[in-house]
There are 2 protein chains.
Amino acid sequence: MTDEQREPERQEEEALTPRQREILRLLIQEYIDTATPVGSHTLRAIGGLGVSSATIRNELAVLEEMGYLAQPHTSAGRVPTVKGYRYFVERLLGDVDLPLPSKRMIRHQFHQIRLNLDQWMELTAAVLAHTTRAASLVTAPHASNARFRHIQLISIRDTLCLMILVLQDGSIHQEMLVTTEPISQEALSQLSNQFNALLYNKTVQEIEESSHPELAALEGWRAEVLRHALYLMEQVDRRSISEIHRDGLINVLRQPEFDDAERLLHVLELLEQRHLLESILAKTLNANGVQIIFGGEGPYEDISDVSLVLSPYGVRGKATGVLGILGPMRMPYGRAISAVQYVAELMSGLIREIYG
Amino acid sequence: MTDEQREPERQEEEALTPRQREILRLLIQEYIDTATPVGSHTLRAIGGLGVSSATIRNELAVLEEMGYLAQPHTSAGRVPTVKGYRYFVERLLGDVDLPLPSKRMIRHQFHQIRLNLDQWMELTAAVLAHTTRAASLVTAPHASNARFRHIQLISIRDTLCLMILVLQDGSIHQEMLVTTEPISQEALSQLSNQFNALLYNKTVQEIEESSHPELAALEGWRAEVLRHALYLMEQVDRRSISEIHRDGLINVLRQPEFDDAERLLHVLELLEQRHLLESILAKTLNANGVQIIFGGEGPYEDISDVSLVLSPYGVRGKATGVLGILGPMRMPYGRAISAVQYVAELMSGLIREIYG
DNA sequence: ATTAGCAGTCAAGATTCTTGAGTGCTAAAT
DNA sequence: ATTTAGCACTCAAGAATCTTGACTGCTAAT
């Protein structure tokens, strides 16, 4: 879509030597652990690469030249750039899998809980936040095309009724309706039943196109109810992302890179703004597998210093959602990716069980 | 209840002279505006009290002696203590009323919106946060004794059904039920209807005591459904505070008193912990009118530097909730109190309209 | 009782010093 | 052609010191 993916063939850029890759790998790992710039000495002390610090220095200079590393200032060690992180994640990380005990613990928690969607979301957010020590984001499963499942009209007062609309993806929507004339509960129930019979499993479009005689014949408040229900369904269709559940914010904000109140607030603002977050999550919704978004580049300029590990979940076409984490760019990607992947699989399984 | 309210008659503590009260009032107002300790000079410059700074100094010393003021350090101006704030709010603030334009704006926003409980909560939170420039807290209206209104069982799959339970206070609760044998939608609908007829407007207790023959005769999955519904209602009864809606966190965290990442995180943690917040809000639920809670004293030791302005709303016995704000202790109390009061009245009106 | 005046205090900001981790470069060694 | 040891150089961060100015409390005069 964007031409970012395919820049004018910079393929020629010399590949890294095995030693350079190893140095890059060690450096990033160390930096992720310690949060301090890593120098040639430390690197020599850590690792199995049997060369002197001077050699490492030379290699570091090359890696910096190529844009994988940066120096905060002349007399400091090196720090990975976004390009460095990306290379690390894509080429150096290898296949990671969540440790078995963690998996077991997660599974266990999921089996404990009562079958309640909201509680699920919360649990998922909590589990993700806990296992990755980052902030988690989870959206509820959601069908791209709302299909009617059930409507219920409940009289609250003579001219006021509560409309409860259940869709195929299991989401429940409610709204109060005011009528000009008093309506009895019997009339409401009757209309509910009529709708339940006529609209079952239909999308907004299908309902509008079908122009069923019984529907066309509706008048007054009955027509009004139908209009409202359709309007609600349209609204649901429009929002590709439903409510976002979060957890573990503090995990991220405690990281040393945010010891400055300024930056801390910046991240916080980011998470409070639904807009930005929604648009990011929406992109992942149609992706395959785990996606990693690094802040600070291209379209994500304003979310510097953080990155997101996201994955879609659910059953394509039935009910899908996005879940993942947001953490400092200096993040244990291995664990993060495997955790997100695992939880996404689990959730997909549950969704399949229910809606499959 | 606690004996805090009635300490061993310290009434004898000399009352403040009018000048002292005026000085205290001016100082607190100035401090609220500027967030810097206020000295005798500034105080002289501001106010209509026609005395020299030296005199003011003497009075300040007295006020400090009595515990209304404190000095961050010897060569700084004075800052109000909690006792000072309390005196200010209770005795010096006078009757405050929200400016008419603000009232009109708020009313306007409330009339714009569609009749949807969740949206109401969000709007209320947003309005409060906006008019007070603090963080807002709003709980959904909630009856202290859950009364059954409507149940709906919807088949999801042969052995899985969705139970939707609507209570008299308008709250909707959902849960999935797994059955051992496959159940048809007809059977589910039939049971729903049966329950709707039998349980209407009853509390858990009433249902359990009535021991209606039709209910006692239920067996297998039907009994299971009833058990689940009652369990859900019990759970609702147990939680006196439903979900808490928040908004405007950033408003508070931007205040100069939180320019330190340490304190900032402390407040944030406070708001993330549901427990503490819930217990505080629950206390207000049964209070009359606006309550002000100052952090740092007695039971609120760990919430230093912030205070809350809270008010219950709703119809006693039918559906009640709590709304209010949390801000720095250095808060424009006049505006805050009047805004909370006004919004609480508005909400009560709406609730009355619906459930009255 | 109030006020002017003065000596004293102390946080906060500016300035300087010190330290040490880390670099780049060069020349010798492999 | 690499690699390595060694050395001079750099610079952020922390400690130490100085300066400033907004306060106070006290005393003596009004």
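Chain A is the first sequence line, chain B the second, and so forth, proteins listed ahead of strands; every chain is numbered from 1. Since we're looking at a predicted model, the values are computed, not measured.
- Taking atom CG on A:L69 and atom C1' on C:dG22, their separation rounds to 14 Å, with Å as the unit.
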Sugar-phosphate means primed atoms, P, OP1 and OP2; the rest is base. With that split, encode nucleotides 22-27 of chain D 5' to 3' as B, S or - using protein heavy atoms under 4.0 Å.
BBBB--
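- One can place CD1 of A:I56 at 12 Å from C1' of D:dT3, the figure rounded to the nearest angstrom.
- With sequence neighbours left out, the side-chain contact (heavy atoms from CB on, under 4.5 Å) criterion links B:H275 to no other residue.
- Residue A:L63 contributes atom CG, which lies 17 Å from atom C1' of C:dG22 at whole-angstrom precision.
- Residues satisfying the side chain to side chain donor-acceptor pair (under 3.5 Å) criterion with A:R91, sequence neighbours excluded, are absent altogether.
- Other residues, nucleotides and ligands contribute over 12 non-hydrogen atoms within 6.0 Å of the CZ atom of B:R246.
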Name every donor-acceptor pair, under 3.5 Å, that has one atom in a side chain of residues 46-53 of chain A and the other anywhere in the protein, sequence neighbours excluded.
unit_1: A:S52; atom_1: OG; unit_2: A:A54; atom_2: N; d: 3.2
unit_1: A:S52; atom_1: OG; unit_2: A:T55; atom_2: N; d: 3.4
unit_1: A:S52; atom_1: OG; unit_2: A:T55; atom_2: OG1; d: 3.3

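- One atom, OH of A:Y31, and another, P of C:dG22, lie 14 Å apart when rounded to the nearest Å.
- The side chain to side chain donor-acceptor pair (under 3.5 Å) test applied to B:Q255 returns B:R330, not counting sequence neighbours.
- For the atom pair B:N58 CG and B:L63 CG, the distance stands at 11.0 Å (nearest 0.5 Å).
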Could you run down nucleotides 14-20 of chain D 5' to 3' and tag each one B, S or - for protein heavy-atom contact under 4.0 Å?
-------
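- For B:S307, the side chain to side chain donor-acceptor pair (under 3.5 Å) test picks out B:Y333, with sequence neighbours left out.
- Remark: A:L277 pairs with A:L137, A:I244, A:L271 by the side-chain contact (heavy atoms from CB on, under 4.5 Å) rule, at least two apart or across chains.
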Classify every nucleotide of nucleotides 12-18 of chain C by which part a protein heavy atom approaches to under 4.0 Å, writing B for the base, S for the sugar-phosphate alone and - for neither, in 5'-to-3' order.
-------
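- With sequence neighbours excluded, the residues forming a salt bridge (charged side-chain N to carboxylate O under 4.0 Å, His left out) with B:D305 are B:R263, listed by chain and number.
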Quiz: residues 16-24 of chain A side-chain donor-acceptor pairs under 3.5 angstrom, not counting sequence neighbours:
unit_1: A:T17; atom_1: OG1; unit_2: A:Q20; atom_2: N; d: 3.1
unit_1: A:T17; atom_1: OG1; unit_2: A:Q20; atom_2: OE1; d: 3.4
unit_1: A:R19; atom_1: NE; unit_2: A:E59; atom_2: OE2; d: 2.9
unit_1: A:R19; atom_1: NH2; unit_2: A:E59; atom_2: OE2; d: 2.8
unit_1: A:Q20; atom_1: OE1; unit_2: A:T17; atom_2: N; d: 2.9
unit_1: A:Q20; atom_1: NE2; unit_2: A:E59; atom_2: OE1; d: 3.3
unit_1: A:E22; atom_1: OE1; unit_2: A:R25; atom_2: NE; d: 3.2
unit_1: A:E22; atom_1: OE2; unit_2: A:R25; atom_2: NH2; d: 3.1

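- Whole-Å rounding puts the A:D260 CG to D:dA13 C1' distance at 16 Å.
- Nearest-nucleotide mapping onto DNA chain C: of B:P72 and B:T55, the residue sitting toward the 5' end is B:T55.
- Separating the CG atom of A:L27 from the P atom of C:dG22 is a distance of 11 Å, rounded to the nearest angstrom.
- Residue contacts shown for A:R19 are limited to sugar-phosphate atoms, with no base heavy atom under 4.0 Å away.
- B:Y31 is linked by a side chain to side chain donor-acceptor pair (under 3.5 Å) to nothing, counting only residues two or more places apart in sequence or in another chain.
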